Number of protein chains: 2
Amino acid sequence: MAGRTVREEQVSATRELILTAAERLFAERGVLAVSNRQVSEAAGQGNNAAVGYHFGTKADLVRAIARKHQVRVESIRARLLAGARGSTDVRDWVDCLVRPVLEHLAELGSPTWFARFCAQVMTDPVLQQIMVEESMTSPSLQQIVEGLNRCLPELPADVRAERGEMARHLIVHMAADRERALADNTPTPRASWHDAATGLGDVVVAMWTAPVTPTGA
Amino acid sequence: MAGRTVREEQVSATRELILTAAERLFAERGVLAVSNRQVSEAAGQGNNAAVGYHFGTKADLVRAIARKHQVRVESIRARLLAGARGSTDVRDWVDCLVRPVLEHLAELGSPTWFARFCAQVMTDPVLQQIMVEESMTSPSLQQIVEGLNRCLPELPADVRAERGEMARHLIVHMAADRERALADNTPTPRASWHDAATGLGDVVVAMWTAPVTPTGA
DNA sequence: GATAAATTAAGTCAGGTGATTGACTTAGAG
DNA sequence: CTCTAAGTCAATCACCTGACTTAATTTATC
């Protein structure tokens, strides 16, 4: 079982080809604007049904792309999490939240398409659920939430949930913006993914620690 | 010429019917997942080409929807702007930025679809440009930017641009989240649009005033 | 009232879509 | 070497799409 057979190598190469082609087309033209046929062709598969064979429906393909990246993001997050264990500094936990995704994008090299893909999927009424399922299963994310809770014990639960959503939106869409700018050769506010993560971290820390104006409840 | 003729009334009623139906379908099922045919039918037009007749392509329809709301948002913004003129309190300018959209959604009554529509359009690679064109032409937005600049003169231009983007994403996507929750009868962190705007304002103020960690530039 | 123009209705068209099918190719077990 | 099963290819299906054409309806103006 140790050595993959030639056959298995080829199949997994084909799958990878499809995943990469789909990710690029989805990011550039829109997930729903691209047909499975176009993906198959872009992946060099003469078969117009290659996507259907290997993945099933388009939602399944989207899930496969998300999962592929999530694995790598998760491992980066686990590494950062090890360094933050026990910390009472909000910044440490925010870094665990912010850096994994951007660091992953940096590792992918240029150009990337994953951030734009994520931004689309997360705003689509039907695909959104897929993304939530794939990302919320992460146990390390739960640890980060708990770490932040310990740093900010007096923050109301509602506000905590609200600001968690905000952080998620900020990370995903700012990464997508930067990715788009890189693809278009448009100037970016930050020179590198690492610097972008720093700028994002500054803001997310401020966000979590912001005073809460009481509302007429 | 003063009184609208019966004919003009009917036409504009039909256009409004189409705009409303499109907005709802787009928000619920996705802009690209809904065909012009389905919009025409949902608007009660026997003609499957009603959208084409009144608006042209789907991009034109999207633009018309955006513009319709933008007019109202703009008037609310102008009102708030009058009260903030000359202020050196970041909060005043942030309110000018945050409240108009959410207040507009509150005025629309329940249910609304505009926020989800915006979130989708702003993340789509081809429709995004339409939204930018429609919203960035607002002169009042420029005034808010200048007001914030006067409050935060030492903030680097790059960081200013970066945080402007962040505020935009936060407003649009948090509004969409809340709208979705209301539509699904899911609990929301805030009881009203006004309270949601307060929570958003707390965060956006903290964001603009957050210290900037120097990067190795 | 009659007429011309604009709106709505209804039908048609070529093209693209997902899904299914069967034939062909190839790796690996007996 | 042969056989089997998985992967690939190519063709086909019914369906939906946007665009177009034609007819019916309605209204403003003469």
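These values consider heavy atoms only, across backbone and side chains, with no hydrogens, waters or symmetry-generated copies. Every chain is numbered from 1, with letters handed out A, B, ... down the list of sequences. The structure presented is a predicted model; accordingly, all values stated were derived computationally and were not measured.
- When rounded to the nearest whole Å, the span between CD of B:Gln45 and C1' of D:dT25 equals 13 Å.
- For A:Asn47, the side-chain atoms get nearest to D:dA10 when compared with the rest of D:dA10, C:dT17, C:dT8.
- Between the side chains of A:Thr198 and B:Thr215, not a single donor N or O lies within less than 3.5 Å of an accepting N or O.
- As a whole-Å value, the separation of B:Gln38 CD from C:dT17 C1' is 14 Å.
- If you measure from atom CZ of A:Phe55 to atom C1' of C:dA19, you get 17 Å, rounded to the nearest angstrom.
- In the model, A:Ser140 has a side-chain atom that pairs as donor or acceptor with a side-chain atom of A:Glu74 under 3.5 Å.
- At a threshold of 4.0 angstrom between heavy atoms, the contacts of B:Ala49 include nucleobase atoms, whether or not backbone atoms are also involved.
- Nearest to the side chain of B:Ser35, among D:dG18, C:dT17, C:dT8, sits D:dG18.
- For B:Leu32 and D:dG18, the CG to P distance is 10 Å, given to the nearest whole Å.
- Here B:Gly46 lies in heavy-atom contact (under 4.0 Å) with sugar-phosphate atoms only.
- Expressed to the nearest 0.5 Å, how far CG of A:Leu61 lies from NE2 of A:His54 amounts to 11.5 Å.
- Between the side chains of A:Arg178 and A:Ser192, no donor-acceptor pair of N or O atoms lies under 3.5 Å.
- The A:Tyr53 side chain lies nearest to D:dG7 when the options are C:dG18, D:dT17, D:dG7.
- At whole-Å resolution of the value, NE2 in B:His54 and C1' in C:dA9 are 12 Å apart.
- Among the heavy atoms of the strands lying under 4.0 Å from A:Asn36 are primed sugar atoms or P, OP1, OP2 only; no base atom is included.
- Protein atom CZ of A:Arg37 is 11 Å distant from nucleotide atom C1' of C:dG15, rounded to whole Å.
- Taken from CZ in A:Arg15 to OH in A:Tyr53, the straight-line distance is 10.5 Å, to the nearest 0.5 Å.
- For A:Glu41 and C:dG18, the CD to C1' distance is 14 Å, given to the nearest whole Å.
- Contact annotation for B:Thr14: backbone-only contact, meaning every heavy-atom pair under 4.0 Å involves sugar-phosphate atoms and none involves a base.
- Closest to the side chain of A:Asn48, out of D:dT12, C:dT8, C:dG18, is D:dT12.
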